[in-house]
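Single-structure report; data block below.
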Number of protein chains: 4
Amino acid sequence: MTARGPDDAGQAGRGGQETGRRLRADARRNRARILAAAEEVFAEKGEGASTEEVAARAGVAIGTVFRHFPTKRDLLAAIMKELRARLVDEAAALAAGADPATAFFDFFAFMVERAARVRTVLGLLAAEGMGVRTDEQIRGALENVVGELLQGAQRAGAVRPDVRLDQVMAILTATCQGAMHGAWDDDLRRRTLMIVFDGLRPRP
Amino acid sequence: MTARGPDDAGQAGRGGQETGRRLRADARRNRARILAAAEEVFAEKGEGASTEEVAARAGVAIGTVFRHFPTKRDLLAAIMKELRARLVDEAAALAAGADPATAFFDFFAFMVERAARVRTVLGLLAAEGMGVRTDEQIRGALENVVGELLQGAQRAGAVRPDVRLDQVMAILTATCQGAMHGAWDDDLRRRTLMIVFDGLRPRP
Amino acid sequence: MTARGPDDAGQAGRGGQETGRRLRADARRNRARILAAAEEVFAEKGEGASTEEVAARAGVAIGTVFRHFPTKRDLLAAIMKELRARLVDEAAALAAGADPATAFFDFFAFMVERAARVRTVLGLLAAEGMGVRTDEQIRGALENVVGELLQGAQRAGAVRPDVRLDQVMAILTATCQGAMHGAWDDDLRRRTLMIVFDGLRPRP
Amino acid sequence: MTARGPDDAGQAGRGGQETGRRLRADARRNRARILAAAEEVFAEKGEGASTEEVAARAGVAIGTVFRHFPTKRDLLAAIMKELRARLVDEAAALAAGADPATAFFDFFAFMVERAARVRTVLGLLAAEGMGVRTDEQIRGALENVVGELLQGAQRAGAVRPDVRLDQVMAILTATCQGAMHGAWDDDLRRRTLMIVFDGLRPRP
DNA sequence: AATGAATGAGTATTCATTCAT
DNA sequence: AATGAATGAATACTCATTCAT
């Protein structure tokens, strides 16, 4: 049977090999296609979607999926890892050389807008979304970026000095989830963020 | 006879609890136990939990669950209906006779605190949580209560006049989901709400 | 569990009490309604139809059905018993005082036409239809009537003298089943019977 | 990939047996074993028999049955398709090169004798047996063969010229069903067919 | 490495039957 | 006698995972 232990996916670097591993060209290509397909499928149907469907959408056989990701949980974890990494990169780019006073809010808005489209971001931010405990390294990376942006904004006087990182992460997470599940339109999202941002800004 | 529809012998009565279909005493008792068990089970393990476990926890046979809720989806829907109704009731109680300036914020905090414990509240507020589309009536009822509280608070000058109900519902929903998935502790919840509330208050 | 022995319905007079039993008026009425409903339901959906549906259509509770017919098999058996009895009666009526040369063929045609409408006649004639072994008494009664009609027709020279009763029963059964399953229209039925009848008539 | 349609890797080839979907050798072997087992099981216990028993008798796991036939109904349909195809083949063989005057009757008798053993033939001929609507192509194929045999026999003067194909199919069907359900012995079958055949022959 | 067939535990749902009201 | 709720075995079907090709 299938070991049902709760934490058996945690061994970082086991589920889905590191992208750097020397893989045959087609193997690397397949890995990417599977990941992309999985992101789509799980986004559409939720984590309950079948691995077979992922394989089908990726155009590979089911066995290939399991060769790359020995467990469904591993697949899920890999998606998040990738997603989060992508976001961190984009965030870093936003942070570099921008006006600190706006960079923070821009990134915040960017994340929320993103969440509205990428359903899977759910678990991404949540401590325990989708039954997967995203590995702490990446989670930490995101917090780092946001932390930097936050400090910059605070130094620039654009965010209240008494606000701490955990609060920001909490509100960011919450807003992303709301945007995702609630199907907010652009206008509602803008007006909602306005309130949140006002809460973060210093009292005049 | 054996009406096969979901026998929603609902405690529709605002304050009472007996208006529903005339069911035999034991039947009503079982229905309640099943609902309670289901709330627990789904809260713990998510919507993927098995109906059989619900039956076990409720101390009835599997057939009894299906007699009351012909479909798993029906069971899920019933949970939400009940949950939402309960919240609406409690909200109404809060609203009655309290200082409008604080009632709104009290209710908001109350909901979020609640969500932190009851995992199922997720779908409750989301447009489409758990694959169940909660019926519009109850959804509307919640909006009504919140709407009244909001107006009261705005008239009392405790909330910015330009804030609209959809924004409030959006932030409320988001914060509930964040609290639920994020496992915030009491302190983090308090500090997070502080920011949100500040965003809602009039600029000085 | 449910005794799965093949023959446990045979104890004549057990499944469904004899019509003569002193029953409360409403009890007798219920018995009749159930029987009628069952005939309809099983005719429409086959023997796989649920007992609950029979109860529903009869307007009684499920318990009442089982009080009258302790087993589904008993219910099925009762239907056939009744059906067969009815047919025997009608056959006898046909036979009485009619021209023996035509009575036989008339009855044959009558049965087949009947079968085309009453789906349940299936098992009625078959040795083992619907998993129920119709009790021999009634089965015998039918054979008796047909036998008499056959003899009359043979004496009148309308049927070949070398034809025996078992052959007639076999063809009658087969034709009824064909008519039932095949959904023959009136014309096809007539033309088909024409062939069968010609096979039964003396060679000129 | 995992085409979820009924993979009717049929031995469609008239005489051969390999034209179907290219399946791995073991897959084709399993498909055949399942089909054989199903024919047996359903023949013995009727269509109510469990799929699990089919799997057991075929010596495969339950999942394998459903991989080949996604639905019980598909399995039933496949059996009939195969059965009918087999009969059509054998009928064609009988028809080829035989004396038309006897070929027709030989085939008729052959079918009925067959039906007496293979319970599943029921639905095979009936318009709607077992809840499965056999596909029209095969149904048509049978009619074609019988039609040819009929014409040959009529030209040879062995069958009345006014008999039409629909009548013949009707009687053939009926007799098969009678033989199947009625458990006729060899003698009764012979004598019954004698009558039917006489009805089909020209009046002297 | 890839394929895709096989496995088999798991799950929702149905239904004959029993039994408390 | 009637009611209808409860029972629980049975059953079709799904899906993660393994393994022979």
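Chain letters run A, B, ... following the sequence lines, proteins first and then strands; every chain starts at 1. A quick note: this is a predicted structure, and the numbers were derived from the prediction, not measured.
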Check whether any side-chain heavy atom of [X] sits under 4.5 Å from a side-chain heavy atom of [Y], and report yes or no.
X	Y	value
T51(D)	F66(D)	yes
E82(C)	E39(C)	yes
T71(A)	L76(A)	no
L75(C)	L35(C)	yes

For R57(B), all residues meeting side chain to side chain donor-acceptor pair (under 3.5 Å), sequence neighbours excluded: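 Once residues adjacent in sequence are excluded, the partners of R57(B) under the side chain to side chain donor-acceptor pair (under 3.5 Å) criterion are E40(B), E44(B), E53(B).
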Stems formed with participation of DNA chain E [Watson-Crick or G-U wobble, under 3.5 Å, three or more pairs]: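 Output for stems: E:2-21 with F:2-21.
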Protein and nucleotides 6-8 of chain E: nitrogen or oxygen contacts under 3.5 angstrom:
{"unit_1": "dA6(E)", "atom_1": "OP1", "unit_2": "N30(D)", "atom_2": "ND2", "d": "2.2"}
{"unit_1": "dA6(E)", "atom_1": "OP2", "unit_2": "H68(D)", "atom_2": "NE2", "d": "3.0"}
{"unit_1": "dT7(E)", "atom_1": "OP2", "unit_2": "A61(D)", "atom_2": "N", "d": "2.9"}
{"unit_1": "dT7(E)", "atom_1": "OP2", "unit_2": "T64(D)", "atom_2": "OG1", "d": "2.7"}
{"unit_1": "dG8(E)", "atom_1": "N7", "unit_2": "G63(D)", "atom_2": "N", "d": "3.4"}

Atom pair CZ/OG1 of R33(C) and T64(C) - distance to nearest 0.5 Å: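 Atom-to-atom, R33(C):CZ and T64(C):OG1 are 10.0 Å apart.
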Pairwise distance CZ(R67(D)) to CD1(I34(D)) - rounded to 0.5 angstrom: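 The CD1 atom of I34(D) is 11.0 Å from CZ of R67(D), to the nearest 0.5 Å.
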Atom-to-atom span, [atom1] of [X] to [atom2] of [N] - whole angstrom:
X	N	atom1	atom2	value
D74(A)	dA16(F)	CG	C1'	12 Å
L75(A)	dT17(F)	CG	C1'	14 Å
E53(B)	dG8(F)	CD	C1'	18 Å
K45(B)	dT11(E)	NZ	P	10 Å
R29(D)	dA20(F)	CZ	P	14 Å
R33(A)	dT3(E)	CZ	P	9 Å
I34(C)	dT3(F)	CD1	P	9 Å
K72(B)	dG10(E)	NZ	P	15 Å

What is the nucleic acid contact for [X], judged by heavy atoms within less than 4.0 Å: base, sugar-phosphate only, or nothing?
X	value
A55(D)	nothing
A49(A)	sugar-phosphate
A58(D)	nothing

Selection from dC15(F), dT11(E), dA12(F) that lies nearest to any side-chain heavy atom of F66(D):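 Closest nucleotide to the F66(D) side chain: dA12(F).
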Non-hydrogen atoms of I79(B) and A38(B) that approach each other most closely: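 Shortest heavy-atom contact: CD1-CB, 3.6 Å.
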Shortest non-hydrogen contact from V54(A) toward A37(A):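 The pair with the smallest heavy-atom distance is O-CB, 3.7 Å.
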Side-chain N,O (T51(C)) to OP1/OP2 (dA16(E)) below 4.0 Å: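 Answer is yes, contact under 4.0 Å.
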Given DNA chain F, 5'-ward residue of the pair G48(A) and G48(D), judged by closest heavy atom: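 The residue mapped nearer the 5' terminus is G48(D).
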